[in-house]
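Being a predicted model, the structure only gives us computed values, none of them experimental. Letters A, B, ... are given to chains in the order of the sequence lines, protein chains preceding strands, and every chain is numbered from 1.
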There are 2 protein chains.
Amino acid sequence: MTTQIFFALSDPHRQEILLRLARGGPQTTLTLLKGIGATRQGATRHLSILEEAGLVKSEKRGREIIREFNPEAVTLAQQWFADLEHAWDSRLDRLRQQYEQE
Amino acid sequence: MTTQIFFALSDPHRQEILLRLARGGPQTTLTLLKGIGATRQGATRHLSILEEAGLVKSEKRGREIIREFNPEAVTLAQQWFADLEHAWDSRLDRLRQQYEQE
DNA sequence: CTAATATGCAACTGATATGTTGCATATCTC
DNA sequence: GAGATATGCAACATATCAGTTGCATATTAG
């Protein structure tokens with residue numbers, strides 16, 4: 001699950017798109033296009049990847065689609081990092097305990 | 001810079017390798033192999049990707065190479081998420097202020 | 001010196017990603 | 001209804017990735 005999130009964030013275009021959505025709020029594809037060096041199809045593809053990863057929600061309104069940043073997915077990724085750091089820290093703790101016993 | 005980190009983490013094998021390094025401490029390639037369904041060359045490739053992203057440090061000792069988890073790269077990625085959340089939160093704040101002025 | 005061990009390098013295959021183009025569909029506006 | 005707008009779908013070329021295989025190199029152990 002987190003692999004999808006990390007993959008979505010491994011592209012500079014998608015990072016930029018997500019930042020714009022977080023800063024600027026819900027927007028259509030075309031609004032997002034302006035300021036990003038990408039074609040419409042390219043942006044659409046990036047948006048669908050972000051959406052599959054759960055980082056973006058979309059809502060169809062008439063002929064246009066409103067894309068919105070979804071902060072929930074971010075906590076998943078942060079949790080993964082927290083687990084990693086916990087694994088690291090608890091190893092250091094174990095080492096220190098062993099050392100103090102000698 | 002963070003794109004490389006996220007890319008490195010977008011593969012389940014590499015996630016697993018990194019967790020093992022954090023839990024088990026410095027190890028050689030062959031030690032890491034046991035328990036992961038991958039060939040030596042596959043694991044080597046994954047390790048070099050993790051290293052290019054800064055998530056793993058390596059040190060040559062005699063004929064073997066000791067790979068080690070590098071926690072510094074993790075803070076970079078966490079900072080990126082923090083910036084994203086800050087962009088999101090400050091937008092919500094702005095909306096709330098606008099609302100209260102009416 | 002010889003064996004075994006740990007690793008590197010290079011080539012190859014199949015799969016996936018990225019970006020582009022052309023055409024089709026649905027909705028809004030006038 | 002006609003034209004403009006927002007989007008979808010599909011095909012294609014190029015690049016990169018993942019995984020495998022075979023051979024070469026360097027270091028250690030006996």
Between A:Gln97 and A:Asp93, a side-chain donor and acceptor under 3.5 Å: no

Paired with B:Phe69, the side-chain contact (heavy atoms from CB on, under 4.5 Å) test is passed by just one of B:Ile17, B:Leu50, B:Leu18, namely B:Leu18

Using a 4.5 Å side-chain heavy-atom cut-off and chaining through intermediate ILVMFWY residues, the residues clustered with B:Ile49 come out as B:Phe7

For A:Glu72, does the CD atom sit with more than 12 other heavy atoms under 6.0 Å from it, leaving out its own atoms? no

Got a donor-acceptor pair under 3.5 Å from the side chain of A:Arg63 to the base of D:dT7? no

What contact category does B:Ile49 fall into here, base, sugar-phosphate, or nothing, at under 4.0 angstrom with non-hydrogen atoms? sugar-phosphate

Candidate nucleotides C:dT7, D:dG19, D:dA18, ranked by approach to the side chain of B:Phe7 - the nearest: D:dA18

Atom pairs, N/O to N/O, protein against nucleotides 9-15 of chain D, distance under 3.5 Å?
unit_1	atom_1	unit_2	atom_2	d
D:dC9	N4	A:Gln41	OE1	3.2
D:dC9	N4	A:Gln41	NE2	2.3

Using 4.0 Å as the upper bound for N to carboxylate O, is an ion pair formed by A:Glu51 and A:Arg67? yes

Partner lookup for C:dA3, please. Criteria are Watson-Crick or G-U wobble with both distances under 3.5 angstrom; report none if nothing qualifies. none

Checking all strands, does A:Arg14 fall into the base, sugar-phosphate, or nothing category for heavy-atom contacts under 4.0 angstrom? sugar-phosphate

Go through the structure and list residues passing side-chain hydrogen bond (donor to acceptor under 3.5 Å, both in side chains) with B:Arg45, not counting sequence neighbours. none

Which nucleotide, D:dT7, D:dC17, D:dG19, lies nearest any side-chain atom of B:His13? D:dG19

Residue B:Ile65, side-chain heavy atoms: nucleotide from C:dT18, D:dT20, C:dG8 that is nearest: C:dG8

